[in-house]
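The chains referred to below are lettered A, B, ... by the order of the sequence lines, with proteins before strands, and numbering in each begins at 1.
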Amino acid sequence: MSQQLSEQEIIRRNKLDKLKALNINPYPAPLYPVTHYSADIKKLFSEETKEQFSNVCVAGRIMSLTDRGKVFFIKIQDSKGIIQLYVRKDDVCEGEDKTLFDEVIKHLIDLGDIIGVTGFVFITRTGEISIHAKSFTLLTKSLKPLPVVKRDEEGNVYDEVTDPEFRYRQRYADLIVNPEVKNTFLKRTQMINAMRAFLNERSAVEVDTPVLQPIPGGAAARPFVTHHNALDIPLYLRIANELYLKRLIVGGFDWVYEFSRDFRNEGMDRTHNPEFTILEWYTAYKDYFWMMETTEQLFEKIALTLHGTTEVKVGETTISFKTPFKRITIYDAIKEHTGFDVSEMDEAKLIDVCKQLNIEADETMGKGKLIDAIFSEKAEDKFIQPTFIIDYPVEMSPLTKKHRSKQGLVERFELMINGKELANAYSELNDPIDQRERFEEQSRLMERGDEEAMFIDEDFLRALEYGMPPTSGIGIGIDRLCMLMTNQSSIQDVLLFPQMRPERRTDEA
RNA sequence: GAUCUCGUAGCUCAGCUGGUAGAGCACAACACUUUUAAUGUUGGGGUCUUGGGUUCGAAUCCCAACGGGAUCACCA
């Protein structure tokens, strides 16, 4: 099988051969002693500090080449930004041999190649901080031409690469060519670091629990199944890690957390990828009121860390992460947005309400699912500013402790921001007998045809029987939080490598 | 999974109601040696996603497949 090469790719391979003929290794092995980054030079260089920049070594990818006869202006991009190199023939070729300049730099170097130079920093006639090169080294030859994006002084972009398919499939090229993309992912890491710091400051313990689970528990979702050959058993990629973290609370950890990569075998769209990240944590001797306070503090801290303010612009709206967040019960939320008081209704009445509100409903849906349907159809997207929706009906929360004073409800909240659920938390159910009954209720739902009802996890029940202290736990959708904090409208823009259909290879023999 | 929509050069796009492809950037050569998306001249590069159909003739119309996006459904 042979690769179908474009004209430009063939030219680059010919250049590769010419470089080798000149005894220049296009992929040299030795380390390259980089001393400075572009952005730091641009920030710190001045008349006063210029002594510190009299001998710098930088490396990066060529993003622009300007041939000016005996002088080349080359812009390279390193991990922090772009800087201009001033490459003069007689400076990089001191002796009689001018091959490096006349051949290599003039003809064999391309956009996209990775080079390094040493030299001193100065300011050009046009006022741009640049590096006057004393030596020039090719570090990597690029064989595939990058899309060429140009920017002018005002920041206008020409020929911007916007094709989502190209950007997601070839994220490496997207990152080279679209600097804001890289910035989004740096923000994502910053956000996760801030969350980790917040938890560690409070003595929470980060743990790892199984991704391959014999029983996929802790959430209502369809799992991916795989098979373990040696044990000859099915294993599931986790849909949540909740039940394992709770086992650790039983074991005596007071506060555990995990950034959990979860997998759900469901549809993909702007807010769903088959694998995604949830931060879950569980804290002993706490309840959901404490959890609300801690959660709003965390969110406020994230906003401050990333934006330096609690006011964050998302699309056209500004979201305020200033604590405290609003709280409203789910029944009040439904009443507020539909006029129906569903708090006392049974299944039949709920189905009737669904019909009146034009919501699809059928017999397989239990009371919990019906209420959830009404809420998510008619109320959910109305909550733009951070709001805790609290006190859910017991039927839709099989892992949650019954409410301390309200009959038929559980101590649970969901945090809604910009019309989307960002977090889900409870006072955890720790009564093993109650938990068994809830699982059994889930089994009945499964028999009625609910594909997402939970399995009974006997080992988890055994752990609860040893006794789990009163505990509050939460799950926070990291990808969606990241979308919010970086103002992205698609989950694919906060995942480095979003799931895509495989490309069809046309060059197979 | 359903519906709508898009698929032309390495990239961004043009190509009217069907008459067998065009621009800018990128690339190559030459000239010019004066930096700032943009020096000039010349040139090379496309089985117009794929496969069928209608037609004398299809990038253009129809059908299907493949891939992307949007909306909906399921869900976080």
Practice prompt. Would you jot down, in residue-number order, the residues of residues 238-245 of chain A having a non-hydrogen atom under 4.0 Å from RNA chain B?
Written response: none
Determine the contact category for [X]: base if any of its heavy atoms lies under 4.0 Å from a base atom, sugar-phosphate if only primed atoms, P, OP1 or OP2 are that close, otherwise nothing.
| X | answer |
| --- | --- |
| Gly477(A) | nothing |
| Glu421(A) | sugar-phosphate |
| Arg264(A) | base |

Worksheet item: Is any N or O donor-acceptor pair between the side chain of Glu128(A) and the base of U35(B) shorter than 3.5 Å?
Response: no
Discussion item. Run the salt bridge (charged side-chain N to carboxylate O under 4.0 Å, His left out) test against Lys326(A) and tell me which residues pass, sequence neighbours left out.
Written reply: none
Worksheet, complete the sentence: Looking only at U35(B), C11(B), C13(B), the nucleotide nearest the Thr162(A) side chain is C13(B)
With 3.5 Å as the limit, what N/O pairs link the protein to nucleotides 22-31 of chain B?
| from | atom 1 | to | atom 2 | distance (Å) |
| --- | --- | --- | --- | --- |
| G24(B) | N2 | Asp159(A) | OD2 | 3.2 |
| C25(B) | O3' | Lys150(A) | NZ | 3.3 |
| A26(B) | OP1 | Lys150(A) | NZ | 2.9 |
| A26(B) | N3 | Gln8(A) | NE2 | 3.0 |
| C27(B) | O4' | Gln8(A) | OE1 | 3.4 |
| A28(B) | OP1 | Lys15(A) | NZ | 2.6 |

Between the protein and nucleotides 69-72 of chain B, which nitrogen or oxygen pairs are less than 3.5 angstrom apart?
| from | atom 1 | to | atom 2 | distance (Å) |
| --- | --- | --- | --- | --- |
| G69(B) | OP1 | Gln492(A) | OE1 | 2.9 |
| G69(B) | OP1 | Gln492(A) | NE2 | 3.4 |
| U71(B) | OP1 | Arg270(A) | NH1 | 2.7 |
| U71(B) | OP2 | Arg270(A) | NH1 | 2.5 |

Discussion item. Once ring-ring contact (aromatic ring centres under 6.0 Å, His included) is applied, do any residues pair with Phe72(A), and if so which ones, sequence neighbours excluded?
Written reply: Phe101(A)
Discussion item. Holding to ring-ring contact (aromatic ring centres under 6.0 Å, His included), I want the full list of residues that pass it with Tyr86(A), two or more places apart in sequence or in another chain.
Written reply: Phe73(A), Phe122(A), His132(A)
Response to the item:
Gln170(A) CD to G68(B) C1', in whole Å, measures 14 Å
Item to complete: Please check if the side chain of Ser397(A) supplies one atom and the backbone of Val394(A) the other of a donor-acceptor pair under 3.5 Å.
Response: no
Discussion item. Donor-acceptor pair, distance only, cut-off 3.5 Å: does the side chain of Arg238(A) make one with the backbone of Arg261(A)?
Written reply: yes
